[in-house]
Amino acid sequence: MNLLKKSVYVLALALAAAGVCGWHYWNYYQQFLTVPLNLVAEGSIFVVQPGMSGKAVVASLSAQGLSREAWPWRVLFRMHPVVLKAGEYELYAGITPPEFLRLLEKGEVVRYRFTLVEGWTYQQVVDALYADPVLGPWLRDKVSETSLRSAHALLGPAEGSLLPETYVFTRDENALQVLDWAADAMNLALAEAWDLRAPDHPVKSPYELLILASIIEKETALNSERAEVSGVFVRRLQKGMRLQTDPTVIYGLGDAYDGDIRRSDLEMDTPYNTYTRFGLPPTPICMPGRASLQAAARPASGDALYFVADGKGGHVFSATLEEHQRGVDRLTGKN
């Protein structure tokens, strides 16, 4: 065999070997694409840190035991480059490497929910934030309750400043951002309610409307009678009558309130005692929801000036004190 033939033969063998090797690797790669990640449990979380590269993702997969492969992942990332969005990704059972890559490509990070409940006070909001399993740890580590109140106070009075809703957030967002969203939402909802108010409405500012809405929120949980409760308070304000509403008294008592309201409580003068003082209290007494804001702006027409709980979750409304007293007597079994 001359030198040329020998060279051709060697080259042919090399090409054949390379072909076999290439076929093997390609076949292995194709198999890799169909094998699910090694999840320990359904709903496992994979975290992409800010600025993380594809190489770092592969290393993290290996470190967590989700996949022991390396080079197939590098090939996959080269063939399908993606812009990685930082955050937490929930992995489902049976997820394959291409599906994992699509998950990262879509940026479908895990989202959490925090609900502010209608009628909560600001203190209840603070307590719930610190107790939240996602928001709480960062908050306890970074912000004291005193600092939180001080930061929020710069935006205005804290009580009533947040709109009760469910707020959706990701792991890289924090409690201060949630508070900002809730404050912005309340400003918008209050502005919308203020624009709805009747021409002869006795409140003089959006903040006074917010105070009235907070009282309505604490007086009734029924959407069907919020406007009627609002009508009673609006007519009382127009007539120069005291509001005489228990929730404001309770709020003024603070920690001294033990669950029972007594005559002595009604006679104890505080800025929030609407039995001893005329007009609205100085601040809201809770966070009113949208329904109470709108009811405060658009009270129901009528002549009712009094109402009393009917024992079934609603109220009985009366136009005169005599009628009101008869209703109270019936409900308390005096008649």
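Scope of the values below: all heavy atoms of this structure, side chains included, with no hydrogens, waters or symmetry mates.
Note on I95: it clusters hydrophobically with L76, by side-chain heavy-atom contacts below 4.5 Å among ILVMFWY residues. Taken together through direct or relayed side-chain contacts under 4.5 Å among Ile, Leu, Val, Met, Phe, Trp and Tyr, L237 and L305 form parts of separate hydrophobic clusters. Linking ILVMFWY side-chain heavy atoms closer than 4.5 Å, directly or via other members, places L37 and W71 in a single hydrophobic cluster. Under a hydrophobic-cluster definition in which Ile, Leu, Val, Met, Phe, Trp and Tyr are linked whenever side-chain heavy atoms come within less than 4.5 Å, directly or via other members, F278 and L243 are assigned to different clusters. Linking Ile, Leu, Val, Met, Phe, Trp and Tyr whenever their side-chain heavy atoms come within less than 4.5 Å leaves V308 and I261 in two separate clusters.
For the pair M186/P288, a side-chain contact is recorded, criterion being any heavy-atom separation below 4.5 Å from C-beta on. Proximity of V178 to W181: side-chain heavy atoms (C-beta onward) are separated by under 4.5 Å at one or more points. Annotation: side chain of R113 is in contact with side chain of V168 (closest heavy-atom distance under 4.5 Å). Using a 4.5 Å cut-off on side-chain heavy atoms (C-beta onward), L266 and V249 make contact. Looking at Y29 and M79, their side chains come closer than 4.5 Å, going by heavy atoms from C-beta outward. Taking the side chain as every heavy atom from C-beta outward, L39 and L66 approach each other to under 4.5 Å. Residues L129 and L179 meet the side-chain proximity criterion, which asks for heavy atoms closer than 4.5 Å. The side-chain heavy atoms of R298 and H201, taken from C-beta on, include no pair separated by under 4.5 Å.
Remark: D265 CG to D246 CG distance equals 9.5 Å, nearest 0.5 Å. Atom-to-atom distance recorded for D127:CG and W120:CH2 is 9.0 Å, nearest 0.5 angstrom. Between the CZ atom of R242 and the OG1 atom of T276 there is a distance of 7.5 Å, given to the nearest 0.5 Å. The line from NZ of K85 to CG of D172 is 7.5 Å long, rounded to the nearest 0.5 Å. In this structure, T121 OG1 and M287 CE are separated by 8.0 Å, a value rounded to the nearest 0.5 Å. Atom CG of D303 sits about 12.0 Å away from atom CZ of F317, to the nearest 0.5 Å.
When only modelled atom types and interatomic distance are considered, T283 and E159 share no side-chain donor-acceptor pair under 3.5 Å. Checking E88 against Y112 by side-chain atom types alone, a donor-acceptor pair falls below 3.5 Å. One side chain, R226 or S292, offers a donor N or O that lies under 3.5 Å from an acceptor on the other.
When all heavy atoms of V232 and Y306 are compared, the closest pair comes out as CG1-N, 4.0 Å. The minimum heavy-atom distance between R171 and V134, with the atom names listed, is NH1-CG1, 3.8 Å. The nearest pair of heavy atoms linking T274 to G279 is CG2-O, 4.1 Å. For I215 against I285, the heavy-atom pair with the smallest separation is CA-CD1, 4.1 Å. Between A189 and L293, the closest heavy-atom pair is CB-CD1, 3.9 Å. Closest approach of P284 to S214, counting heavy atoms only: CA-OG, 3.4 Å.
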*Would you please test Q49 and S60 for side-chain contact (heavy atoms from CB on, under 4.5 Å) and show each step?*
CA-CA 10 Å; Q49 302 292 348; S60 182; over 6 Å; no
_Applying side-chain contact (heavy atoms from CB on, under 4.5 Å) to L91 and L103, what does each step give before you reach the verdict?_
CA-CA 9 Å; L91 308 181; L103 188 67; 3.9 Å; yes
*side-chain contact (heavy atoms from CB on, under 4.5 Å) between Q177 and F169: does it pass, once the steps are laid out?*
CA-CA 9 Å; Q177 290 170 288; F169 62 96; over 6 Å; no
*Run the side-chain contact (heavy atoms from CB on, under 4.5 Å) check on F77 and V82 step by step: do they pass?*
CA-CA 7 Å; F77 270 97; V82 298; 4.3 Å; yes
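Listed for the D310 side chain is no donor-acceptor partner under 3.5 Å among the backbone atoms of V316. Of the possible polar contacts, none joining the E267 side chain to the S264 backbone as a donor-acceptor pair under 3.5 Å is found. Proximity of a side-chain donor or acceptor of S62 to a complementary backbone N or O of A59 within less than 3.5 Å is not detected. Side-chain atoms of R290 do not come within 3.5 Å of backbone N or O of E165 as any donor-acceptor pair. Side chain of K218 to main chain of I216: no donor-acceptor pair is present (N/O by atom type, distance under 3.5 Å, no hydrogens or angles). Listed for the D141 side chain is no donor-acceptor partner under 3.5 Å among the backbone atoms of W138.
Here the options are Q244, K239, Q238, the test is side chain to side chain contact (heavy atoms under 4.5 Å, CB included), and the partner is M241; only K239 passes.
Classified by interplanar angle (parallel below 30°, tilted 30° to 60°, perpendicular above 60°), the ring pair W73/F100 is perpendicular.
Every residue meeting the side-chain hydrogen bond (donor to acceptor under 3.5 Å, both in side chains) condition with T245, not counting sequence neighbours, appears here in chain and number order: E219.
Annotation: cation-pi pair R277/Y272 absent, no NZ/CZ under 6.0 Å from the ring centroid and within 45° of its normal.
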